[in-house]
Colleague: 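The following block contains the structure, expressed as structure tokens.
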Amino acid sequence: MNPIDDRERAIEAMLFASDEPLDPRQVVARLGDDGSIGEVRAFIQAIAARHAGSGIELVERGGHWHFQTPADLAHLLRRERDDPRKLSRAAAEVLAIVAYHEPVSRAEIEAIRGVQTSKGTLDVLMEAEWIAPAGRREVPGRPLIYKTTDAFLQHFGLGSRKDLPGIDDLRAAGLLDPVDLAFDEAMGELDLVKDGEEA
Amino acid sequence: MNPIDDRERAIEAMLFASDEPLDPRQVVARLGDDGSIGEVRAFIQAIAARHAGSGIELVERGGHWHFQTPADLAHLLRRERDDPRKLSRAAAEVLAIVAYHEPVSRAEIEAIRGVQTSKGTLDVLMEAEWIAPAGRREVPGRPLIYKTTDAFLQHFGLGSRKDLPGIDDLRAAGLLDPVDLAFDEAMGELDLVKDGEEA
Amino acid sequence: MDEPALDFETAPAASDRDDALQLSLESWEGPLDLLLTLARSQKVDLKQISILALVEQYLSFIAEARELKLEVAADYLVMAAWLAYLKSALLLPKDPLEDPSPDELALRLQLRLQRLAAMREAAARLLARDRVGRDVFLRAKPEGLRDVKLRRWDASLYDLLSAYGQVKLRSEPVVHLVSRRPVITLDAALHHLQRMIGIKLDWAELADFLPPDYHGPLRRSAIASSFVAALELARQGRVDLKQAGAFEPLYLKAATMGRPAA
């Protein structure tokens, strides 16, 4: 490799260490000799060409030059890492209600859940991209209504919303068993044991 | 010019964008693929070679690499606002003693200097992040011991502690040994000489 | 070893001691520092230094300082006393029994001075290196490397469905309780018992009156309602009840009209 011209080196170092982009005029002033702006411009072009295609690039912004990393490598500088979190019970309920009743407004969700729903819960579901606003209900106040997304279907392995189990399916699966019935059944089993002992 | 390897570009961009020196391990972690540390090291060497003699150089400091301007251009880049920490003579001496003897306790520093070390002296060096506590010496009183940091190597342009000016000569001359040890050795030599005379 | 780069211009030469004393004692970092400076004025390698001459220099320096009524800190005086002792020991004929010998003390002092001088020189060379921010420069505003945590929400289809089940239960609890609980009402038990009483003529246990296919909660319910029904029928005088004691089986049969229960 040919040795690099001393003034080119100096300009390169200046542009590197400067805390703001420099224009050729500022570079000439800092060089402190009688170099012309035209010469400096040529050196800057040479520096930019020398770095072309590398992991460093010299770019012009409104007549001022500065070094930066190429945009296509930005993903390396801003590394993204997954941070999985379990959906809260409240959020799961809201998501289920949206899925079974969509499109549905926040007030309607609250009516079904029987408790107030914080804005944060809907935000979490929107951040997860499982629900999305679907326009407004044409009633007084024009509340925003929500529906589930394709990402929702994908995440839960559903072909469509029709694949969601119906109420009867849920009941058959025991998901709708009241707590006190379950208690009775547990007590019945105890009785049977006692009967067996007495026999 | 041959196009630069994609991974070389990526590593160059990382080193250029980082606000602190990186070691090959950190680079591998960020590349996020199965590249080996050996490969990354080779790429880093290639990048350093590519920039040699330009206005930007890639240097190793304590196993970590960073870009900086060459020292011979200091006169063009130095600004009045640039005022690296001015060290008192006491602080400079303490720093040198820690660097050449590390890890070292305060009592050991004082034994060399012949004076008490004011609390502020160690504080200044720790605030500059040039020295750091390095555990305790397992002797009565378990005194805290100090060592220099990577930031120290970086600031003073040292690749490693081996690059400390004159450290090999000092070690060879026994000047890094405690007085007691040097004394015993000197007396031993005297005895040998005496024995020789007697023989 | 190279001469140290630190300046020792405050070192008192013989000719201008008074000037030096003006600066003195404030500018030294303790007796060892002063000794090292005085040793430097001998202009020889510290290995060849004359400790005796050094002691002389130190003692006369301190003496002059006191003559000038400068305040002399205690540690300088302690060193002076020690050096005065060392000087006399070095000058006296050697006593082989003396331990440590004056020569050994002198050697120790020499070794200490060498070590301090070495570190002083090292400090100077360290500070003279190409330092970041003074001789070499870093990027003023690097982009920086950032780790961004992407929150990924996790939930299974089961979580979703069981959550919906709980919502449904909360909103419609009454319906489920009534429609799902297997019970034998008092009316049904009365009706059943009345029918069975007619068939069984002798004493029979209450449990024998229950349909054999009642199990679990249904049987519990049937026993409870049949018991109440039996009491009701007894009140009406239509059945007789007998029980040997508390928690013993309860027997009943159709009442003999006009006769009180046993």
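Just so you know, these numbers use all the heavy atoms, side chains as well, and skip hydrogens, waters and symmetry mates. Given the structure is predicted, the values throughout are model-derived calculations rather than measurements. Chain letters run A, B, ... following the sequence lines, proteins first, then strands; residues in each count from 1.
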Colleague: Which atoms of P70(B) are under 4.5 Å from chain C, going by heavy atoms: the side chain, the backbone, both sets, or neither?
Modeller: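 Backbone of P70(B) only, per the 4.5 Å heavy-atom cut-off to chain C.
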Colleague: Pick one of side chain, backbone, both or neither for F67(B), based on which atoms fall under 4.5 Å of a heavy atom in chain C.
Modeller: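 Just the backbone, heavy atoms under 4.5 Å.
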Colleague: So what's closer than 4.5 Å to chain C heavy atoms on D180(B): side chain, backbone, both or neither?
Modeller: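 For D180(B), the contact with chain C is made by backbone and side chain together.
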Colleague: With sequence neighbours excluded, what pairs up with D6(B) under the side-chain hydrogen bond (donor to acceptor under 3.5 Å, both in side chains) test?
Modeller: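 By the side-chain hydrogen bond (donor to acceptor under 3.5 Å, both in side chains) rule, D6(B) matches no residue at all.
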Colleague: Using 0.5 Å steps for rounding, measure from the OG1 atom of T69(B) to the CZ atom of R139(C).
Modeller: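 It is 13.0 Å, given to the nearest 0.5 Å.
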Colleague: Less than 4.5 Å to any heavy atom of chain B: does that hold for the side chain of E104(C), its backbone, both, or neither?
Modeller: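 When you check distances to chain B, atoms from both the backbone and side chain of E104(C) fall under 4.5 Å.
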Colleague: I need the I109(B) CD1 to M119(C) CE distance, nearest 0.5 Å.
Modeller: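 These two atoms lie 11.5 Å from each other.
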Colleague: Around R66(C), counting heavy atoms of other residues, nucleotides and ligands shown, do more than 12 lie under 6.0 Å from its CZ?
Modeller: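 Atom CZ in R66(C) is not crowded, with 12 or fewer foreign heavy atoms closer than 6.0 Å.
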Colleague: Which bit of L145(C) is near chain B, if near means a heavy-atom gap under 4.5 Å: side chain, backbone, both or neither?
Modeller: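 Looking at L145(C), backbone and side chain both touch chain B.
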Colleague: Can you measure from CG (L158(B)) to CG (D130(C)) and round to the nearest 0.5 angstrom?
Modeller: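 The CG atom of L158(B) sits 10.5 Å away from the CG atom of D130(C).
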Colleague: When rounded to the nearest 0.5 angstrom, what is the spacing between CZ in R131(C) and CG in L87(B)?
Modeller: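 R131(C) atom CZ to L87(B) atom CG measures 6.0 Å (nearest 0.5 Å).
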Colleague: Cation over ring, R129(C) on F156(B), under 6.0 Å and within 45°?
Modeller: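 Ring-cation test returns no.
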Colleague: Measure across G30(C) and V115(B) and return the closest heavy-atom pair with its distance rounded to 0.1 Å.
Modeller: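 Looks like CA-CG1, 3.6 Å.
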Colleague: Given heavy-atom pairs under 4.5 angstrom as the criterion, report whether the side chain, backbone, both or neither of I167(B) touches chain C.
Modeller: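 Neither the backbone nor the side chain of I167(B) comes within 4.5 Å of chain C.
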Colleague: side-chain hydrogen bond (donor to acceptor under 3.5 Å, both in side chains) with T121(B): which residues, sequence neighbours excluded?
Modeller: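 With sequence neighbours excluded, T121(B) shows a side-chain hydrogen bond (donor to acceptor under 3.5 Å, both in side chains) to S118(B), given in chain and number order.
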Colleague: Please check if atom CD in E129(B) has more than 12 non-hydrogen atoms from other residues, nucleotides or ligands closer than 6.0 Å.
Modeller: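 Open: at most 12 neighbouring heavy atoms sit under 6.0 Å from CD of E129(B).
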Colleague: Contact part of H75(B) toward chain C, heavy-atom cut-off under 4.5 Å: side chain, backbone, both or neither?
Modeller: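 For H75(B), neither part sits under 4.5 Å from chain C.
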Colleague: Grab the two heavy atoms, one from E29(C) and one from A90(B), that are nearest each other, plus how far apart they are.
Modeller: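 Scanning both residues, the minimum pair turns out to be OE2-CB, 3.4 Å.
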Colleague: Between L95(B), D177(B), V94(B), L73(B), which shows the greatest number of heavy-atom pairs under 4.5 Å with chain C?
Modeller: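 Of the options given, most contacts go to D177(B).
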Colleague: With respect to chain C, which residue among A74(B), G114(B), A17(B) yields the maximal number of heavy-atom pairs within a distance under 4.5 Å?
Modeller: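 That would be A17(B).
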Colleague: Relative to chain B, which of D103(C), L35(C), D75(C), L138(C) shows the most heavy atom pairs under 4.5 Å?
Modeller: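 Going by pairs under 4.5 Å, I would pick L138(C).
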Colleague: Does the side chain of R115(C) reach to within under 4.5 Å of the side chain of I97(B), using non-hydrogen atoms?
Modeller: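 They are not in side-chain contact.
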Colleague: For a quick test of reading the model, state the closest non-hydrogen atom pair linking E93(B) to R120(C) and the distance between them.
Modeller: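 In this case the closest contact between E93(B) and R120(C) is OE2-NE, 2.7 Å.
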Colleague: Looking at every non-hydrogen atom in both residues, tell me the closest pair between R125(C) and P165(B) and how far apart they are.
Modeller: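 Nearest pair, atom of R125(C) first, then P165(B): NE-CB, 3.7 Å.
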Colleague: Considering all heavy atoms of both residues, which atom of A123(C) and which atom of A92(B) are nearest to each other, and what is their separation?
Modeller: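 So the two residues come closest at CB-O, 3.5 Å.
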Colleague: Is the closest basic N to carboxylate O distance between D135(C) and R78(B) below 4.0 Å?
Modeller: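 Salt bridge between D135(C) and R78(B), a charged N being under 4.0 Å from a carboxylate O: yes.
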Colleague: Name the option with the most non-hydrogen atom pairs under 4.5 Å to chain B; the candidates are Q110(C), R146(C), K141(C), M79(C).
Modeller: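 That would be R146(C).
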Colleague: Can you measure from CZ (R134(C)) to NE2 (H155(B)) and round to the nearest 0.5 angstrom?
Modeller: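 Reported to 0.5 Å precision, the distance equals 7.5 Å.
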Colleague: Rounded to the nearest 0.5 Å, how far does CG of L116(C) lie from CG of L175(B)?
Modeller: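 It is 11.5 Å, given to the nearest 0.5 Å.
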Colleague: Could you please spell out the steps behind the side chain to side chain contact (heavy atoms under 4.5 Å, CB included) verdict for L164(B) and L126(C)?
Modeller: CA-CA 7 Å; L164(B) 283 169; L126(C) 200 55; 3.9 Å; yes
Colleague: Report which part of D163(B) has an atom under 4.5 Å of a heavy atom belonging to chain C: side chain, backbone, both, or neither.
Modeller: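 D163(B) touches chain C through backbone heavy atoms alone.
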Colleague: Got a salt bridge between R113(B) and D33(C), using NZ or NE/NH1/NH2 to carboxylate O under 4.0 Å?
Modeller: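 No, no charged N to carboxylate O under 4.0 Å.
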